[in-house]
Amino acid sequence: MDKYKLIFNEEEPKYIQLKSHIKNLIDNNEIKDGEKLPSIRALSNFLGVNKVTVINGYKKLQEEGYATQIMGSGTYGKKKEVYKGFRKRYSNEIKKIFNSGFKGIIDFSGETALSSFFPVNELKKVLNEVLDRDGSKALVYQEALGYYKLRQAINDKFWGNKQKEDNILIVSGAQQGIDIASKALININDNVIIEKPTYSGALSVFKWRRANVFEVNMESDGVDINSFEKILKKHRIKCFYAMSYFQNPTGISYSLEKKKRILDLAEKYDFYIIEDDYLSELIYDKSIEYITFKELDEFDRVIYIKSFSKIFLPGIRLGYIICPEVFLESFQNFKVNTDIATSSLMQRALEKYIENGFWQEYIKYLNLEYRKRYLFIKNILDEDFKDVITYNDPKGGLNFFLNINSNINITSLELFDILKERKILITPGVLFYKNSECGYKNFRIGFSETEKEDIKKGMDIIKNILIERGDNR
């Protein structure tokens, strides 16, 4: 306790002095990374200050990334760089593992459908049909907006011809769609709202655009509307990025009521919604009704983005944007400046695949297969993990987002490192937050690329590690 001794001056607030003192102790390794700080009562008594001073000092440490609070357990010091540098380290570790051939790995980090599920024979059939019909034109002919018949098929099969084909733009997956939307909408220092936590690829795009990024916590049916509107009242917001179904990473889907409320706010406060429709094909529970923001969009405020890559073959980089009329020209220009055109042959093949009814049959098959895995892993969580984690039931998609209980003395980063040595991959929660000090008690488990026997084996190992780290004091 002696290292916390501090003589206060009269020149600055005591809580700032306390914050600086503890920060120096952490930087000088006198407080170790993850070491529990004294309780508010103990430290206030030791220093002869009121509890508010200690509370505010600890809050300031958390804001600056030098402390974390675990509800029901206390406040812990941490080395800021341990968390800050993890994104790059994680990326390098995953690349290294993939480059080594991925042998013997239980992969809970994957986000795409198993390639073994894909009906290759149907794809061969439509490719041959396209080449027989179009010849070399299928390989070289380019259209700036994307292959017209594919845009027609998307409008017809997915939207009941309610969209304008000219407003549908074919892109190379959702990531490119987000990039194009951000270039068309966002300038330096523009204000953007994102979900907290959110998809790390979108977060990277907004940071690259040097936007001011505001986070709003997720509730069980979408973002916290009260907090959302408070930001709208204080700041001129350019756009809101939302994943309407099975949000990555939380698995949360927006309620119809919340979608309507956000659309009303978009018109009232003059901002646009970038809707990333993520994995909405994979709904396992009839309580979830499929109605997108775009379907409810009376004021042309929604930029809709859909990727085929997550559930189609990942190597076939295809997706589409439906953009508001006002942005059509700028979206087209940014798409052309990015890569001119997406593969003509694969666009034509996908159009045939959809028109021949193969797409609908494939989605039915995926729902049947992945629902089995979803129920399998959900049962494991409910039966074996109830004392170590909590989670939101996604009722669809390909992931579970798990919250480590406060009495378990381990972070998701530590868990990642331990599991990596045992050839198991998870995705730590820190990757999904703007500030890297968040998400240290969360991790995402994906079941898209792992067979049942490996799911059981991997989950047993994770459970045992968490139980071993339990603190019942």
Side-chain angles (χ1 to χ4, degrees), residues 105-119 174 195 197 199 218-222 243-255 276-292 306-314 359-386 388-404 412 419 424-429 432 442-463 466:
I105 295 288
I106 297 175
D107 183 18
F108 289 125
S109 69
E111 298 181 67
T112 55
L114 268 175
S115 58
S116 60
F117 282 173
F118 188 78
E195 300 157 331
Y199 167 52
M218 291 293 285
E219 298 180 326
S220 61
D221 63 343
M243 305 184 83
S244 45
Y245 285 88
F246 314 123
Q247 192 254 8
N248 186 8
T250 65
I252 290 168
S253 298
Y254 278 75
S255 65
D276 187 350
D277 186 5
Y278 177 73
L279 296 178
S280 60
E281 294 86 354
L282 302 179
I283 297 175
Y284 311 133
D285 192 304
K286 291 181 181 179
S287 66
I288 296 180
E289 186 178 8
Y290 180 62
I291 302 176
T292 62
K306 183 68 183 177
S307 173
F308 294 109
S309 302
K310 294 294 183 186
I311 52 176
F312 213 49
L313 281 178
W359 177 264
Q360 293 86 338
E361 290 303 312
Y362 175 58
I363 294 303
K364 286 180 184 177
Y365 172 72
L366 283 187
N367 267 274
L368 288 172
E369 290 300 317
Y370 278 124
R371 186 174 185 275
K372 295 175 189 174
R373 296 187 189 204
Y374 154 77
L375 291 173
F376 182 72
I377 199 167
K378 183 180 183 303
N379 183 65
I380 291 173
L381 291 171
D382 290 343
E383 293 295 323
D384 300 338
F385 282 73
K386 55 188 175 184
V388 290
I389 62 99
T390 58
Y391 74 98
N392 169 73
D393 182 1
K395 300 179 180 178
L398 297 172
N399 305 302
F400 285 86
F401 195 55
L402 310 181
N403 309 299
I404 303 171
S412 58
L419 291 172
I424 299 170
L425 292 181
I426 60 168
T427 308
F432 302 103
N442 312 121
F443 63 101
R444 190 187 67 190
I445 289 287
F447 53 89
S448 64
E449 299 176 31
T450 309
E451 301 292 349
K452 280 186 176 181
E453 55 268 29
D454 283 336
I455 289 175
K456 184 67 171 69
K457 179 181 176 182
M459 294 300 286
D460 281 346
I461 292 171
I462 295 171
K463 175 193 67 177
L466 294 178

> Closer than 3.5 angstrom, by distance alone: can the side chain of S253 be matched with the main-chain N or O of F246 as a donor-acceptor pair?
yes
> Which pair of heavy atoms, one from T250 and one from Q247, lies closest together, and at what distance?
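That closest heavy-atom pairing would be OG1-OE1, 2.5 Å.
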> Classify the ring geometry of F401 against F432: parallel below 30°, tilted from 30° to 60°, perpendicular beyond 60°.
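Rings of F401 and F432: perpendicular, over 60°.
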> When you check the side-chain N and O atoms of E281 and Y362, is any donor under 3.5 Å from an acceptor?
no
> Is N367 reaching over with its side chain to a backbone N or O of I363, donor-acceptor style, under 3.5 angstrom?
yes
> Measure the spacing between CG of D460 and CD1 of I455 and express it to the nearest 0.5 Å.
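Atom-to-atom, D460:CG and I455:CD1 are 12.0 Å apart.
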> Which atom pair, heavy atoms only, marks the closest approach of I389 to I404?
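Here I389 and I404 meet closest at CG2-CA, 4.3 Å.
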> Could you walk me through whether I311 and W359 pass side chain to side chain contact (heavy atoms under 4.5 Å, CB included), step by step?
CA-CA 10 Å; I311 52 176; W359 177 264; 3.9 Å; yes
> Determine whether Y278 and E111 make a side-chain contact, defined as any pair of heavy atoms from C-beta on separated by less than 4.5 Å.
yes
> Between atom CG of L366 and atom CG of L279, what is the distance when rounded to the nearest 0.5 Å?
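It is 10.0 Å, given to the nearest 0.5 Å.
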> For M218 versus P197, what's the shortest heavy-atom pair and its separation?
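It is CG-O, 4.4 Å.
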> Taking NZ, NE, NH1 and NH2 as the nitrogens, is one of them in K364 or E361 under 4.0 Å from a carboxylate oxygen of the other?
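Yes, this pair counts.
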> Do D454 and F108 make a side-chain contact, defined as non-hydrogen atoms from C-beta onward lying under 4.5 Å apart?
no
> Heavy atoms only: give me the nearest I291-Y245 pair and the separation to one decimal.
N-OH, 2.6 Å
> Could you verify whether a donor N or O on one side chain and an acceptor N or O on the other, from D382 and Y391, lie under 3.5 Å apart?
yes
> For the atom pair CZ (R444) and CD1 (I426), what is the distance rounded to the nearest 0.5 Å?
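Nearest 0.5 Å value for the CZ-CD1 distance: 10.5 Å.
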> Quick one: pull up NZ in K463 and CD1 in I380 and give me the separation to the nearest 0.5 Å.
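With rounding to 0.5 Å, NZ (K463) is 9.0 Å from CD1 (I380).
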> Okay, side chain of Y284, backbone of G397: is any donor-acceptor separation there less than 3.5 Å?
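Side chain of Y284 to backbone of G397, a donor-acceptor pair under 3.5 Å: yes, one is there.
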> For the backbone of S448 and the side chain of Y370, can you confirm whether one donor and one acceptor N or O come within less than 3.5 Å of each other?
yes
> Using a 4.5 Å cut-off on heavy atoms from C-beta on, say whether the side chain of I445 contacts that of L381.
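No - every pair of side-chain heavy atoms lies 4.5 Å or more apart.
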> Strictly by modelled atom types, are E195 and Y254 linked by a side-chain donor-acceptor pair under 3.5 Å?
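Looking only at side-chain atoms, Y254 and E195 do form a donor-acceptor pair, the distance falling under 3.5 Å.
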> Taking all atoms of both residues into account, what is the closest heavy-atom pair of F443 and S412, and its distance?
CB-CB, 4.2 Å
> Which heavy-atom pair separates M243 from N248 by the least distance, and what is that distance?
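Heavy atoms of M243 and N248 come nearest at SD-N, 3.4 Å.
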> Could you tell me whether the side chain of T450 and the main chain of I106 form a donor-acceptor pair under 3.5 Å?
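Side chain of T450 to backbone of I106: no pair is present.
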> If I take atom CD from residue E451 and atom CZ from residue R373, how far apart are they, to the nearest 0.5 angstrom?
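Those atoms lie 4.5 Å apart.
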> Quick check for you: to the nearest 0.5 Å, what is the distance between L282 atom CG and E369 atom CD?
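The distance works out to 12.0 Å.
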> Does any donor atom in the side chain of Y290 or D277 lie under 3.5 Å from an acceptor atom in the other side chain?
yes
> Indicate yes or no: at least one non-hydrogen side-chain atom of T427 is less than 4.5 angstrom from one of S109.
yes
